[in-house]
Amino acid sequence: MPLQIEIQADSVRALLSGEIDHHAARELREEMDDAVKKAMPKVLYIDFREVSFMDSSGIGLVMGRYKLMQSLGGEVRVTNVPAHIRRVMRVSGLDRLAVIDNGGRSE
Amino acid sequence: MKRTNEMKLSFLSKSVNEGFARSAVAAFIASLDPTVDALSDIKTAVSEAVTNAVVHGYRDSLGIIYIAVRLYEDGRVEITVKDKGCGIEDVEKAMEPLYTSCDTGERAGLGFAVMQSLMDKVKVRSKPQKGTRVVLTKRISPRDR
């Protein structure tokens, strides 16, 4: 399953997996938006630990979700980014936009 | 400089083929025994160029995307991604980081920036209504020397 969604009290956690490119982002964005609009969370966690590949379409995916969360008065936290994915995120300055932490598991 | 190997492939500009293009190029350059990072860099750059052709070149239509890869004696890899789509009016502007002609807010406008940071050289030639050609170059050294 390329996307697993966990809905908790104040947050939604989206666990991405596999290759996040333009093709994958198209389906992912709809599913993530549906979950957010239903749950109206304060925080959307986007977990990258199972992601094996990402190009700038993945950055666009995060950016679009960041705009959505911002419009709802919430925030996006990007978590568990593998080392080889961090390069694309750094080039895009995503770390300045959406909080990136490695951890972020809420119990 | 002697060309040691080359390949050409062409495919329909469907987004599902973005992964195929990455894998095909990665498989072809495997013979150079690249490091994990070099392979990842090349796959990512190819993905950006192919996605540009799918999303922008052939925007609301389908066309053929052409990829050619040439390997040279000195470890240089030259990848050409070509489309016969709508072309780019102002190449310099298109290559500005964060510039995007998409208005849905879903595209980051970082394709060229990523290509330039991961490859040694990025050359773009384009003509409106005719198409676009992107040439990516990177020198690869084998893993254990």
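All values reported here derive from a predicted model rather than from experimental measurement. Chain A is the first sequence line, chain B the second, and so forth, proteins listed ahead of strands; every chain is numbered from 1. Excluded from the calculations below are hydrogen atoms, water molecules and symmetry mates; all remaining heavy atoms, backbone and side chain alike, are included.
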Please check if the number of heavy atoms outside B:Glu6 that lie under 6.0 Å from its CD is greater than 12. yes
Is chain A contacted by the side chain of B:Val36, its backbone, both, or neither, given a heavy-atom distance below 4.5 Å? neither
Residues B:Glu18 and A:His22: side-chain donor-acceptor under 3.5 angstrom: yes
Same apolar cluster: B:Val135 and B:Met115, side chain cutoff 4.5 Å: no
Quick one: closest heavy-atom pair of B:Gly111 and A:Ser56, and the distance? N-OG, 3.9 Å
Engaged part of B:Val50 at the chain A interface, taking heavy atoms whose separation is under 4.5 Å: neither
Between the CZ atom in A:Arg87 and the CG atom in B:Asp37, the distance rounded to the nearest 0.5 Å is 6.5 Å
N-O pairing of B:Arg22 and A:Asp21 below 4.0 Å: yes
Say whether A:Ile59 and A:Leu3 are linked into one hydrophobic cluster, either directly or through other cluster members, by side-chain heavy-atom distances under 4.5 angstrom. yes
Chain A heavy atoms under 4.5 Å from B:Asn17: which part of the residue, side chain, backbone, both or neither? neither
Over 12 foreign heavy atoms within 6.0 Å of CD, B:Glu89: no
Proximity breakdown for B:Lys43 and chain A, heavy-atom pairs closer than 4.5 Å: both
CD on A:Glu19 to OG on B:Ser47, rounded to 0.5 Å: 8.0 Å
Does B:Met7 CE have over 12 foreign heavy atoms under 6.0 Å away? yes
Do A:Ile20 and A:Val36 land in one hydrophobic cluster if side-chain heavy atoms of ILVMFWY residues count as linked below 4.5 Å? yes
Quick check on the hydrophobic clustering: are B:Val114 and B:Val91 connected, directly or via other members, by side-chain heavy-atom contacts under 4.5 Å? no
Heavy-atom pair count under 4.5 Å with chain B, highest-scoring of A:His84, A:Met54, A:Arg26: A:Arg26
At a 4.5 Å cut-off on heavy atoms, which part of B:Leu118 comes close to chain A: side chain, backbone, both, or neither? side chain
Taking B:Glu48 for the side chain and A:Asp55 for the main chain, is one N or O donor matched with an acceptor at less than 3.5 Å? no
Would you kindly confirm whether B:Val25 and B:Val16 end up in one hydrophobic cluster when ILVMFWY residues are joined by side chain heavy atoms under 4.5 Å apart? no
